[in-house]
Chemist: 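Structure provided below as C-alpha coordinates; questions to follow.
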Amino acid sequence: MGLLTIIRKNRQKEKEMRVLFLGLDNAGKTTILKKLNDEDITSISPTLGFNIKTFVHGRYTLNVWDVGGQRTLRPYWRNYFEQTDALVWVVDSGDRMRMRDCKEELHSLLLEDRLAGASLLVFANKQDILGSMTDSEIEQALDLPSIKSHEWTIISCSAVTGKNLIEGLDWVVNSVASRLYYSTITSSVPTNSETERGVPVTPDHGGAP
(Lines give C-alpha, C1' and ligand atoms only; values in the text may rest on other atoms or scores of the structure.)
Protein backbone atom coordinates (compact mmCIF):
# COMPACT_ATOMS: atom_id res chain seq x y z
CA MET A 1 0.00 0.00 0.00
CA GLY A 2 1.49 3.30 -1.12
CA LEU A 3 1.96 6.31 1.12
CA LEU A 4 -0.55 8.34 -0.92
CA THR A 5 -3.19 5.65 -0.39
CA ILE A 6 -2.58 5.66 3.37
CA ILE A 7 -2.86 9.47 3.52
CA ARG A 8 -6.11 9.38 1.57
CA LYS A 9 -7.55 6.76 3.89
CA ASN A 10 -6.56 8.75 6.96
CA ARG A 11 -8.12 11.88 5.54
CA GLN A 12 -11.31 10.02 4.82
CA LYS A 13 -11.40 8.65 8.36
CA GLU A 14 -10.97 12.17 9.73
CA LYS A 15 -14.21 13.14 8.01
CA GLU A 16 -16.21 10.59 9.98
CA MET A 17 -18.43 11.38 12.94
CA ARG A 18 -19.99 9.00 15.42
CA VAL A 19 -23.51 10.03 16.39
CA LEU A 20 -25.55 8.35 19.11
CA PHE A 21 -29.36 8.46 18.90
CA LEU A 22 -30.98 7.93 22.30
CA GLY A 23 -34.30 8.69 23.97
CA LEU A 24 -37.15 6.93 25.69
CA ASP A 25 -38.95 4.17 23.85
CA ASN A 26 -41.46 5.32 21.23
CA ALA A 27 -39.78 8.70 20.86
CA GLY A 28 -39.28 8.13 17.13
CA LYS A 29 -35.53 7.56 16.82
CA THR A 30 -35.73 4.81 14.22
CA THR A 31 -38.44 6.61 12.27
CA ILE A 32 -36.25 9.71 12.01
CA LEU A 33 -33.33 7.72 10.66
CA LYS A 34 -35.49 5.86 8.18
CA LYS A 35 -37.01 9.12 6.98
CA LEU A 36 -33.55 10.60 6.49
CA ASN A 37 -32.64 7.58 4.38
CA ASP A 38 -35.88 7.71 2.36
CA GLU A 39 -36.94 4.32 3.73
CA ASP A 40 -40.50 3.13 4.37
CA ILE A 41 -41.77 4.38 7.74
CA THR A 42 -45.26 2.86 7.61
CA SER A 43 -44.29 -0.20 9.64
CA ILE A 44 -41.64 0.16 12.34
CA SER A 45 -41.04 -2.20 15.24
CA PRO A 46 -39.50 -1.16 18.57
CA THR A 47 -35.72 -1.37 18.55
CA LEU A 48 -34.78 -4.21 20.89
CA GLY A 49 -31.03 -3.80 20.50
CA PHE A 50 -29.40 -1.30 18.19
CA ASN A 51 -29.30 -0.30 14.54
CA ILE A 52 -26.39 1.27 12.68
CA LYS A 53 -26.88 3.67 9.81
CA THR A 54 -24.04 5.17 7.81
CA PHE A 55 -24.62 7.99 5.38
CA VAL A 56 -22.93 11.06 3.99
CA HIS A 57 -24.09 14.51 5.06
CA GLY A 58 -22.22 17.36 3.44
CA ARG A 59 -18.53 16.57 3.52
CA TYR A 60 -18.80 14.12 6.39
CA THR A 61 -19.73 10.50 6.87
CA LEU A 62 -22.05 9.97 9.82
CA ASN A 63 -21.96 6.64 11.63
CA VAL A 64 -25.24 6.70 13.53
CA TRP A 65 -26.06 4.29 16.37
CA ASP A 66 -29.77 3.97 17.13
CA VAL A 67 -30.23 2.24 20.49
CA GLY A 68 -33.50 0.97 21.95
CA GLY A 69 -35.02 3.11 24.69
CA GLN A 70 -37.07 0.63 26.71
CA ARG A 71 -36.41 0.84 30.43
CA THR A 72 -34.87 -2.64 30.49
CA LEU A 73 -32.37 -1.59 27.78
CA ARG A 74 -31.26 1.72 29.26
CA PRO A 75 -28.59 0.20 31.55
CA TYR A 76 -26.87 -1.01 28.36
CA TRP A 77 -26.67 2.45 26.79
CA ARG A 78 -23.24 2.94 28.30
CA ASN A 79 -21.91 0.20 26.01
CA TYR A 80 -22.25 2.62 23.09
CA PHE A 81 -20.69 5.77 24.56
CA GLU A 82 -17.14 5.26 23.33
CA GLN A 83 -15.83 7.92 20.91
CA THR A 84 -19.23 9.59 20.55
CA ASP A 85 -18.98 12.97 18.84
CA ALA A 86 -22.64 13.95 19.14
CA LEU A 87 -25.64 12.82 21.14
CA VAL A 88 -29.07 13.22 19.56
CA TRP A 89 -31.71 13.02 22.28
CA VAL A 90 -35.11 12.34 20.72
CA VAL A 91 -38.20 13.42 22.65
CA ASP A 92 -41.83 12.48 22.07
CA SER A 93 -43.33 15.96 22.31
CA GLY A 94 -46.76 14.55 23.11
CA ASP A 95 -45.63 12.31 25.98
CA ARG A 96 -46.19 14.76 28.82
CA MET A 97 -46.52 12.01 31.42
CA ARG A 98 -42.93 10.84 30.95
CA MET A 99 -41.23 14.21 30.54
CA ARG A 100 -39.74 14.01 34.02
CA ASP A 101 -38.33 10.56 33.25
CA CYS A 102 -36.99 11.97 30.00
CA LYS A 103 -35.25 14.78 31.87
CA GLU A 104 -33.68 12.49 34.47
CA GLU A 105 -32.33 10.08 31.86
CA LEU A 106 -30.82 12.89 29.80
CA HIS A 107 -29.10 14.63 32.69
CA SER A 108 -27.76 11.28 33.89
CA LEU A 109 -26.20 10.70 30.47
CA LEU A 110 -24.48 14.07 30.50
CA LEU A 111 -22.55 13.05 33.63
CA GLU A 112 -20.84 10.23 31.74
CA ASP A 113 -17.13 10.84 31.18
CA ARG A 114 -17.18 9.17 27.76
CA LEU A 115 -19.79 11.64 26.55
CA ALA A 116 -17.86 14.64 27.84
CA GLY A 117 -17.68 17.33 25.19
CA ALA A 118 -20.13 15.65 22.85
CA SER A 119 -22.50 18.03 21.07
CA LEU A 120 -26.12 17.63 22.16
CA LEU A 121 -29.07 17.99 19.82
CA VAL A 122 -32.51 17.61 21.34
CA PHE A 123 -35.02 16.66 18.66
CA ALA A 124 -38.52 17.64 19.83
CA ASN A 125 -40.22 15.05 17.64
CA LYS A 126 -43.90 14.50 16.73
CA GLN A 127 -44.68 18.16 16.20
CA ASP A 128 -47.19 17.05 13.56
CA ILE A 129 -49.46 15.74 16.34
CA LEU A 130 -52.06 18.14 17.72
CA GLY A 131 -51.43 19.09 21.34
CA SER A 132 -47.70 18.37 21.35
CA MET A 133 -45.48 20.46 23.62
CA THR A 134 -43.57 23.25 21.92
CA ASP A 135 -39.79 23.27 21.84
CA SER A 136 -39.83 26.08 24.43
CA GLU A 137 -41.99 24.01 26.77
CA ILE A 138 -39.71 21.01 26.35
CA GLU A 139 -36.63 23.16 26.92
CA GLN A 140 -38.00 24.12 30.32
CA ALA A 141 -39.34 20.64 31.15
CA LEU A 142 -35.90 19.12 30.50
CA ASP A 143 -34.12 22.04 32.21
CA LEU A 144 -31.86 22.50 29.21
CA PRO A 145 -30.66 25.99 30.26
CA SER A 146 -28.86 24.39 33.20
CA ILE A 147 -26.60 22.39 30.83
CA LYS A 148 -23.19 24.04 30.80
CA SER A 149 -21.01 21.01 30.07
CA HIS A 150 -22.14 20.46 26.47
CA GLU A 151 -22.93 22.64 23.51
CA TRP A 152 -26.61 22.06 22.85
CA THR A 153 -29.65 23.14 20.93
CA ILE A 154 -33.26 22.03 20.62
CA ILE A 155 -35.05 21.76 17.29
CA SER A 156 -38.70 20.86 16.81
CA CYS A 157 -39.23 18.23 14.12
CA SER A 158 -41.49 15.58 12.67
CA ALA A 159 -40.22 12.16 11.68
CA VAL A 160 -43.38 11.66 9.63
CA THR A 161 -43.23 14.84 7.53
CA GLY A 162 -39.45 15.22 7.68
CA LYS A 163 -39.70 18.78 9.00
CA ASN A 164 -36.36 20.11 10.30
CA LEU A 165 -34.58 16.73 10.21
CA ILE A 166 -31.94 17.95 7.78
CA GLU A 167 -31.59 21.17 9.75
CA GLY A 168 -30.88 19.08 12.83
CA LEU A 169 -28.12 17.16 11.07
CA ASP A 170 -26.69 20.44 9.81
CA TRP A 171 -26.38 21.65 13.38
CA VAL A 172 -24.76 18.39 14.53
CA VAL A 173 -22.20 18.40 11.72
CA ASN A 174 -21.34 22.07 12.18
CA SER A 175 -21.02 21.74 15.94
CA VAL A 176 -18.77 18.68 15.80
CA ALA A 177 -16.72 19.95 12.86
CA SER A 178 -16.04 23.30 14.51
CA ARG A 179 -14.79 21.49 17.60
CA LEU A 180 -12.81 18.65 16.03
CA TYR A 181 -11.98 19.65 12.49
CA TYR A 182 -12.03 23.45 12.61
CA SER A 183 -14.39 23.29 9.67
CA THR A 184 -15.59 26.41 7.92
CA ILE A 185 -18.96 24.86 7.08
CA THR A 186 -21.77 27.21 7.96
CA SER A 187 -25.46 26.61 8.45
CA SER A 188 -28.63 28.60 8.90
CA VAL A 189 -29.05 26.92 12.30
CA PRO A 190 -27.05 28.73 15.04
CA THR A 191 -25.54 27.02 18.03
CA ASN A 192 -26.62 27.85 21.54
CA SER A 193 -23.38 29.78 22.00
CA GLU A 194 -24.53 32.14 19.24
CA THR A 195 -27.72 33.05 21.07
CA GLU A 196 -28.17 34.65 24.41
CA ARG A 197 -30.27 32.04 26.15
CA GLY A 198 -29.00 28.76 24.79
CA VAL A 199 -32.13 28.34 22.81
CA PRO A 200 -34.74 26.54 21.07
CA VAL A 201 -33.75 26.89 17.47
CA THR A 202 -35.88 26.31 14.42
CA PRO A 203 -35.04 27.32 10.88
CA ASP A 204 -38.34 29.19 10.65
CA HIS A 205 -37.28 31.91 13.01
CA GLY A 206 -33.49 31.57 12.85
CA GLY A 207 -33.08 31.11 16.60
CA ALA A 208 -34.95 34.19 17.63
CA PRO A 209 -36.88 33.83 20.89
Side-chain angles (χ1 to χ4, degrees), residues 16-24 27-29 32-33 36 50 53 57-58 60 62-67 69 74 77-93 95 98-127 133-157 159 164-181 183 185 187-203 207:
E16 293 184 356
M17 297 180 182
R18 179 183 168 99
V19 182
L20 184 59
F21 264 61
L22 291 178
L24 305 188
K29 301 180 293 297
I32 288 175
L33 290 174
L36 286 168
F50 65 90
K53 295 283 186 181
H57 186 73
Y60 296 90
L62 305 185
N63 298 311
V64 181
W65 293 68
D66 165 28
V67 186
R74 295 175 204 170
W77 282 352
R78 61 176 58 91
N79 295 334
Y80 304 93
F81 292 166
E82 205 69 41
Q83 297 181 330
T84 294
D85 297 311
L87 170 64
V88 178
W89 184 254
V90 183
V91 180
D92 180 346
S93 301
D95 192 359
R98 294 199 297 169
M99 206 56 63
R100 181 175 179 178
D101 189 16
C102 187
K103 169 190 171 181
E104 292 175 352
E105 292 288 0
L106 172 60
H107 283 264
S108 177
L109 285 174
L110 299 181
L111 297 175
E112 293 285 344
D113 289 340
R114 285 176 293 168
L115 293 180
S119 302
L120 169 64
L121 166 63
V122 177
F123 256 150
N125 190 27
K126 303 189 182 182
Q127 290 294 316
M133 298 173 67
T134 66
D135 53 2
S136 296
E137 290 175 322
I138 292 173
E139 175 187 344
Q140 295 304 314
L142 300 185
D143 195 18
L144 298 183
S146 71
I147 298 174
K148 308 300 182 184
S149 56
H150 296 69
E151 182 176 42
W152 64 269
T153 196
I154 178 170
I155 296 179
S156 58
C157 71
N164 290 345
L165 298 186
I166 295 299
E167 288 79 359
L169 286 189
D170 284 344
W171 184 88
V172 166
V173 167
N174 290 337
S175 177
V176 174
S178 65
R179 187 177 72 251
L180 300 183
Y181 304 118
S183 171
I185 296 178
S187 167
S188 60
V189 183
T191 66
N192 65 292
S193 60
E194 293 172 325
T195 59
E196 292 185 357
R197 62 190 188 93
V199 15
V201 174
T202 61

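Quick note: numbers below take in every heavy atom, side chains included, and nothing from hydrogens, waters or symmetry partners.
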Chemist: I'd like to know if the side chain of Ser108 reaches the main chain of Glu104, judged simply by a donor and an acceptor atom lying under 3.5 Å from each other, with no hydrogens or angles considered.
Modeler: no
Chemist: Is there side-chain contact between Val173 and Leu62, with heavy atoms separated by less than 4.5 Å?
Modeler: yes
Chemist: Would the distance check show the side chain of His150 and the main-chain N or O of Leu121 forming a donor-acceptor pair, the cut-off being under 3.5 Å?
Modeler: no
Chemist: Taking atom SG of Cys157 and atom CD1 of Ile166, what is their separation to the nearest 0.5 Å?
Modeler: 11.5 Å
Chemist: About how many Å separate CZ of Phe123 and CG of Leu169, when rounded to the nearest 0.5 Å?
Modeler: 6.0 Å
Chemist: Can you tell if the side chain of His57 reaches within under 4.5 Å of the side chain of Asp170, non-hydrogen atoms only?
Modeler: yes
Chemist: Using every non-hydrogen atom in the two residues, find where Arg179 and Ala118 come nearest and quote the distance to one decimal.
Modeler: NH2-CA, 4.1 Å
Chemist: Could you tell me if Ser175 and Glu151 have a donor-acceptor pair between their side chains, going purely by distance under 3.5 Å?
Modeler: yes
Chemist: Nearest 0.5 angstrom please: Leu115 CG to Arg78 CZ, how far?
Modeler: 11.0 Å
Chemist: Is the shortest heavy-atom distance from the side chain of Cys102 to the side chain of Leu142 under 4.5 Å?
Modeler: yes
Chemist: Output all residues satisfying salt bridge (charged side-chain N to carboxylate O under 4.0 Å, His left out) with Asp85, sequence neighbours left out; order by chain, then residue number.
Modeler: none
Chemist: Side chains of Ser156 and Asn164, heavy atoms from C-beta outward: is any pair under 4.5 Å?
Modeler: yes
Chemist: Please name the residue in the list Ile154, Asp135, Val90 that meets the side-chain contact (heavy atoms from CB on, under 4.5 Å) test with Val122.
Modeler: Ile154
Chemist: Hey, could you give me the CG/NZ distance between Leu36 and Lys53, rounded to the nearest 0.5 Å?
Modeler: 10.0 Å
Chemist: Looking at every heavy atom in both Leu165 and Ala159, which two are closest together, and how far apart are they?
Modeler: CD1-CA, 4.3 Å
Chemist: Excluding sequence neighbours, so at least two apart, what forms side-chain contact (heavy atoms from CB on, under 4.5 Å) with Ser149?
Modeler: Ile147
Chemist: Provide the closest heavy-atom pair for Lys29 versus Leu24 in the form atom of the first, atom of the second, distance.
Modeler: NZ-O, 3.1 Å
Chemist: Taking the side chain as C-beta and beyond, is there a heavy-atom pair between Ile32 and Asp66 under 4.5 Å?
Modeler: no
Chemist: Which salt bridge (charged side-chain N to carboxylate O under 4.0 Å, His left out) pairs, counting each pair once, include a residue from residues 109-119, with sequence neighbours left out?
Modeler: Glu82-Arg114
Chemist: Check Leu109 against Trp89 and note the closest heavy-atom contact, atom names and distance.
Modeler: CD1-CZ3, 3.4 Å
Chemist: Restricting to side-chain contact (heavy atoms from CB on, under 4.5 Å), what partner residues turn up for Ala141, sequence neighbours left out?
Modeler: Met99, Met133
Chemist: Among all residues two or more places apart in sequence or in another chain, which pass the side-chain contact (heavy atoms from CB on, under 4.5 Å) test with Gln83?
Modeler: Arg18
Chemist: Hey, can you tell me if Trp65 and Tyr80 have their rings parallel, tilted or perpendicular (30° and 60° cut-offs)?
Modeler: tilted
Chemist: For Thr134 and Glu137, work out which heavy atoms get closest and say how close.
Modeler: N-OE1, 2.8 Å
Chemist: Which pair of heavy atoms, one from Ser93 and one from Gln127, lies closest together, and at what distance?
Modeler: OG-NE2, 2.9 Å
Chemist: So, using salt bridge (charged side-chain N to carboxylate O under 4.0 Å, His left out) as the criterion, who are the partners of Arg74 when residues are at least two apart?
Modeler: Asp25, Asp101, Glu105
Chemist: Checking Lys126 side chain against Val91 main chain: does a donor-acceptor pair fall under 3.5 Å?
Modeler: no
